[in-house]
Each structure stands twice: as structure tokens, then as C-alpha cells.
Amino acid sequence: MRNLEEWIREKKPVLSPEDEKILEDLRVDAQFSLYCQIGTGDSTGGGSCMANFGKKVAKHAPRFKRDANELFQKLLEVAAEAAQRGDWDI
């Protein structure tokens with residue numbers, strides 16, 4: 001999470017408590033979406049998880065002054081790193 005926050009702060013140096021909560025929610029949602037994608041092993045359930053997650057990221061990306069695609073990719077990178085460490089919040 002620290003690396004994600006540092007990346008966000010490059011464009012938005014000060015995060016409000018609400019920003020931090022939304023960022024934490026996005027991080028958890030990224031883990032769930034990745035888990036859903038991996039767990040279903042097909043394009044039906046996992047695809048809808050990712051689509052819903054993508055919509056949520058697109059909604060909040062302007063708040064962090066980041067492109068939605070970049071934020072989406074960064075959140076999934078953080079989720080994948082957590083999965084490799086076995087550090088799932090799911």
C-alpha cells in the first residue's frame with residue numbers, strides 16, 4: 001500500500017482521510033477482482049468482477065489526479081504482489 005500511496009502523492013501530495021479510505025477500498029476491491037478472475041478461471045464471473053472494478057476506478061481516478069487506466073493497472077499490480085506474498089484481505 002505504501003508504494004501505491006507514494007505513487008498517488010506524486011500528483012496529489014495531500015490525501016484527506018476520505019481519500020485514504022477510498023484508496024484502501026480500491027486496494028481491497030483490486031484484490032477481490034484479481035481473486036475473482038483467478039478463481040473462476042473463465043471470462044464470465046471474473047470478467048464481470050473486473051468490469052465492475054474498472055468502473056469504480058474510473059469514478060475515483062480524477063480524485064487522485066490519475067488516469068483511470070494507470071490507476072487500474074497500479075491497483076492490480078499491488079493486488080498481484082499481495083497475492084504472491086499470500087497477503088490477501090479477502
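Side chains included, hydrogens not; waters and symmetry mates left out as well; all remaining heavy atoms used.
- Distance check: I8 CD1 to K65 NZ gives 11.5 Å after rounding to the nearest 0.5 Å.
- Ion pairing of K11 with E5 is absent here, as no side-chain N (NZ or NE/NH1/NH2) approaches a carboxylate O to less than 4.0 Å.
- When all heavy atoms of A30 and L75 are compared, the pair lying nearest together is CB-O, 3.6 Å.
- Counting heavy atoms of neighbouring residues, nucleotides and ligands inside a 6.0 Å radius, atom NZ of K12 exceeds 12 of them.
- In this structure, the separation between CD on E6 and CG on N3 is 6.0 Å, given to the nearest 0.5 Å.
- The line from OG of S48 to CD of Q37 is 9.0 Å long, rounded to the nearest 0.5 Å.
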I'd like a table of donor-acceptor pairs (distance under 3.5 Å, sequence neighbours excluded) in which one partner is a side-chain atom from residues 54-63, with atom names and distances.
unit_1: K56; atom_1: NZ; unit_2: D29; atom_2: OD2; d: 2.4
unit_1: R63; atom_1: NE; unit_2: D19; atom_2: OD1; d: 2.5
unit_1: R63; atom_1: NH2; unit_2: E18; atom_2: OE2; d: 3.4
unit_1: R63; atom_1: NH2; unit_2: D19; atom_2: OD1; d: 3.3

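- You'll find the side chain of L4 reaches within 4.5 Å of the side chain of L23, heavy atoms only.
- The minimum heavy-atom distance linking C49 with S33 is given by the pair O-OG, 3.4 Å.
- M50 and L76 make their closest contact through CE-CD2, 3.8 Å (heavy atoms, listed as atom of the first residue, atom of the second, distance).
- The heavy-atom pair separating L15 from E20 by the smallest distance is O-OE2, 3.7 Å.
- Residues F53 and F32 form no side-chain contact, since every pair of their non-hydrogen atoms from C-beta on lies 4.5 Å or further apart.
- Applying the side chain to side chain contact (heavy atoms under 4.5 Å, CB included) rule to E70 yields the partners W7, R66, D67; only residues at least two apart in sequence or on another chain are considered.
- No side-chain heavy atom of V14 sits under 4.5 Å from any side-chain heavy atom of R9.
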